[in-house]
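Below you'll find the structure, written out as C-alpha cells, and then a few comments.
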Amino acid sequence: MKINPVRGTHDLFGEEIRKFNKIVSEVKNVAQKFGFNELVTPIFESSELFEKPLGEQSDVVLKEMYTFNDRNEDKITLRPEYTTPMIRAAISNGLLNILPAKFFGTGQMFRRERPQKGRYRQFNQINFENFGSDDFFADIEIICLANTLLKKLIPDSNITLYINSLGTRKNLSDYKKLLSKFFNDNKKSLSKANIDKINTNPLRILDSKNVEEKEIIKKSPKLIELISKTDLNIYEEIKNCLTELQIPIIEDLHLVRGLDYYCHTVFEFKTNELGSQDTLIGGGRYDGLIKTLGGKDIPGVGWAGGIERIMLLMNKILQKEKDIHIAILDPSHKIHAIKIYDFLIKNNFSIYWNYKYNLKKSLSLANEKKANYIILIGENEKINNNFTIKNLSNGEQVSLEIDNILDYLK
Ligand code: AMP
C-alpha cells in the first residue's frame with residue numbers, strides 16, 4: 001500500500017529542513033533584539049475565532065478553512081492565520097496587563113487553496129504582533145523588524161516594500177460603499193465572479209489581474225480621498241521615517257490586504273523572483289480587533305510572513321560535516337568504545353559510526369564525509385585502555401588515554 005502526501009502538503013528534509021531551521025533560529029534572534037516574546041498557540045481553535053474577524057465574505061472564510069465538528073459537536077477550525085489565535089491566547093492568559101505587549105510565533109497554518117509554487121494547503125508562517133500602542137513608532141518598528149529579518153535571510157534578493165493607509169474602520173466601510181456603487185455603474189466590464197463580489201466584497205475586485213478590469217480599477221475611487229488630514233499626516237510621517245531608515249517604499253493606493261480586520265497602515269514585502277506568489281510578508285494595523293475578540297479596547301499592529309516562500313529564495317546551506325568518526329574493529333570492543341563515544345558527546349563533539357566492524361570501510365567513509373578525525377578502537381586499545389586518533393588532514397596518528405584526548409583535539 002502506497003500512501004501519497006495530501007495535495008498541497010510537503011515533507012521537509014535535507015537542504016529544506018536546514019533552511020527551515022535557519023529561518024526559525026534567525027526569527028528568534030531578531031525577536032530577542034526587538035523585545036518580542038514567543039507565544040505558541042494550538043493548531044486548532046473554535047471556528048468562531050476566525051469566521052467574523054477575518055470577514056465572513058473573505059476568501060479564507062468562504063472557501064479555504066478546514067472546519068469540522070468535533071464528536072461533541074463543537075465547531076473546530078485548523079488555524080488559517082496566527083493573529084487572531086495570538087490575541088485569543090493573550091486574552092485567555094491575561095497577557096495584556098502591561099502594555100505594549102509584544103509577541104511572536106512560528107507554526108503551521110492551513111488553507112484549502114489551489115496549490116502551486118509558493119502556495120500550499122499546509123504552510124508555515126512567522127508572526128509578529130504588537131498589542132496596545134497607537135504610536136506610529138510601533139508601525140515603523142515592526143516594519144523595520146521585518147526588513148532586518150529579510151536582509152539577514154535573503155540579502156541578495158530583490159525585495160520591495162509596498163505601503164498604503166486604509167484610514168479608520170469607518171473610512172474603510174464608507175469606501176466599500178463607494179466602490180460597490182462604482183463597480184455597479186461599470187458592471188458590463190467585469191467578469192461574472194467579480195460581479196458577484198460587488199455587494200459582498202468589492203475590495204477583492206481590486207486584486208483582479210485581468211487587463212480590461214485593471215483599466216476600470218484605475219478609474220475607481222481611492223480610499224486615500226476619504227482619510228482625515230490628521231491620519232494622512234501620520235501616514236506621511238511613517239513614510240518619512242522609513243525613508244530615513246533607508247527602506248525603499250512604493251505606495252500602492254489599492255493595497256487593501258485579504259483579511260477584513262486591517263485599518264490605517266498596511267504593507268507588503270514583495271519579490272519579483274517568485275512569479276504570482278510574490279508576497280513574502282504582509283501586515284498592518286488592526287485597531288478594534290482585540291476588542292472584537294473580547295479583550296480591552298486597545299490597538300494592535302503586526303505581520304505574517306511565509307516561511308516556505310522565504311525558503312525558495314535562500315541560498316544553499318551546506319550540512320555541517322561530522323567532526324569525528326569512530327571505527328570499532330570487533331564487536332567485543334564495543335564496551336571500550338562506548339566510553340569515548342559518551343565522553344566526546346558530553347564535550348560537544350559530533351560523532352559518527354557506521355555500525356560496521358571494518359576498518360577499511362570506516363576509513364573510506366570518514367574521508368568521503370571529510371571528517372576531521374577517526375578514532376580507532378581495536379584489541380591494543382582495549383588492552384592498553386587507550387584510543388588511537390588519526391588526524392585525517394595530515395595522516396598523523398597518536399594513541400592517548402581518555403583524559404588527554406580533549407587537549408589533543410583542541
Ligand atoms: P496572509 O495571512 O494571507 O496575510 O499571508 C501572510 C503570508 O503568509 C503571505 O505573504 C505568504 O508569504 C504566506 N502565505 C499565505 N498563504 C500561503 C499559502 N497558501 N502557502 C504558502 N504561504 C502562504
Side-chain angles (χ1 to χ4, degrees), residues 5-12 16 19-20 23-24 27 41 43 45 49-51 53-55 57-66 77-87 104-129 142-143 145-147 149-150 153-154 157 159-164 166 201 203-204 206-207 252 255-263 265-286 289 300-314:
V6 173
R7 191 165 134 77
T9 70
H10 53 272
D11 305 304
L12 289 175
E16 293 301 290
K19 287 182 178 172
F20 183 93
I23 295 175
V24 173
V27 163
T41 72
I43 276 173
E45 300 269 359
L49 177 63
F50 305 111
E51 284 165 353
L54 306 196
Q57 295 302 326
S58 68
D59 282 352
V60 172
V61 173
L62 279 180
K63 298 186 262 180
E64 297 168 4
M65 293 208 309
Y66 284 93
T77 295
L78 299 185
R79 62 183 179 197
E81 64 104 49
Y82 217 167
T83 302
T84 43
M86 286 244 186
I87 295 174
F104 79 98
T106 56
Q108 297 96 333
M109 307 295 141
F110 304 84
R111 292 183 195 173
R112 202 177 184 289
E113 298 194 78
R114 196 167 42 78
Q116 63 180 95
K117 184 180 164 197
R119 185 162 75 188
Y120 314 99
R121 290 182 172 178
Q122 178 181 314
F123 58 99
N124 289 273
Q125 272 190 349
I126 307 159
N127 248 73
F128 278 85
E129 311 292 348
I142 213 145
I143 293 175
L145 191 159
N147 188 61
L149 182 69
L150 291 175
L153 292 170
I154 38 177
S157 285
I159 296 165
T160 310
L161 170 61
Y162 290 80
I163 188 162
N164 189 22
L166 302 182
N201 200 358
L203 293 176
R204 290 276 65 83
L206 302 177
D207 298 335
D252 176 356
L255 176 65
V256 287
R257 312 274 310 124
L259 307 174
D260 251 16
Y261 50 60
Y262 289 108
C263 57
T265 320
V266 282
F267 58 88
E268 286 185 346
F269 284 85
K270 290 187 172 209
T271 173
N272 57 0
E273 297 165 42
L274 285 183
S276 66
Q277 301 309 303
D278 56 358
T279 307
L280 299 175
I281 285 178
R285 267 207 171 264
Y286 43 81
L289 179 60
V301 58
W303 57 255
I307 293 191
E308 282 79 359
R309 290 195 196 165
I310 298 174
M311 281 163 67
L312 286 168
L313 297 175
M314 276 171 86

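Both counts, for ligands and for their atoms, begin at 1 and track the order of listing.
Using a non-hydrogen distance threshold of 4.0 Å, Glu308 does not register as a contact of ligand 1. Heavy-atom separations between Arg257 and ligand 1 include at least one value shorter than 4.0 Å.
Looking only at heavy atoms of the protein, atom 8 (O) of ligand 1 is closest to Gln125 NE2, 3.1 Å. With hydrogens left out, the protein atom closest to atom 19 (N) of ligand 1 is Glu113 OE2, 2.6 Å, a heavy atom. Considering only non-hydrogen protein atoms, atom 22 (N) of ligand 1 sits nearest to Phe123 CD1, 3.5 Å. Nearest to atom 9 (C) of ligand 1 among the protein's heavy atoms is Thr279 O, 3.8 Å. Looking only at protein heavy atoms, the nearest one to atom 3 (O) of ligand 1 is Arg111 NH1, 2.9 Å. The protein atom (non-hydrogen) at minimum distance from atom 20 (N) of ligand 1 is Tyr120 N, 2.9 Å.
Because its NZ or CZ atom is both nearer than 6.0 Å to the ring centre of Tyr82 and within 45° of the ring axis, Arg79 counts as a cation-pi partner of that residue.
In terms of the salt bridge (Lys or Arg N to Asp or Glu O under 4.0 Å) criterion, Arg121 has no residue partners (sequence neighbours excluded).
Dense packing is recorded around CZ of Arg204, with more than 12 heavy atoms of other residues, nucleotides or ligands lying under 6.0 Å away.
Between the CG atom in Asp252 and the CD1 atom in Ile163 there is a gap of 11.0 Å [rounded to 0.5 Å]. Considering CG of Asn272 and CD1 of Ile159, their distance stands at 9.5 Å, rounded to 0.5 Å.
Residues Pro80 and Val60 come closest through the heavy atom pair CB-CG1, 3.8 Å. In this structure, Gln122 and Phe110 approach most closely via the heavy-atom pair OE1-CE2, 3.2 Å.
Contact annotation for Leu280 and ligand 1: only backbone heavy atoms (N, CA, C, O) come within less than 4.0 Å of the ligand. Here Arg119 has heavy atoms under 4.0 Å from ligand 1 in both its backbone and its side chain.
Among Gly8, Gly118, Gly306, the residue whose heavy atom lies nearest to atom 21 (C) of ligand 1 is Gly118.
Looking only at side-chain heavy atoms (C-beta outward), Val256 and Tyr262 stay at 4.5 Å or farther from each other.
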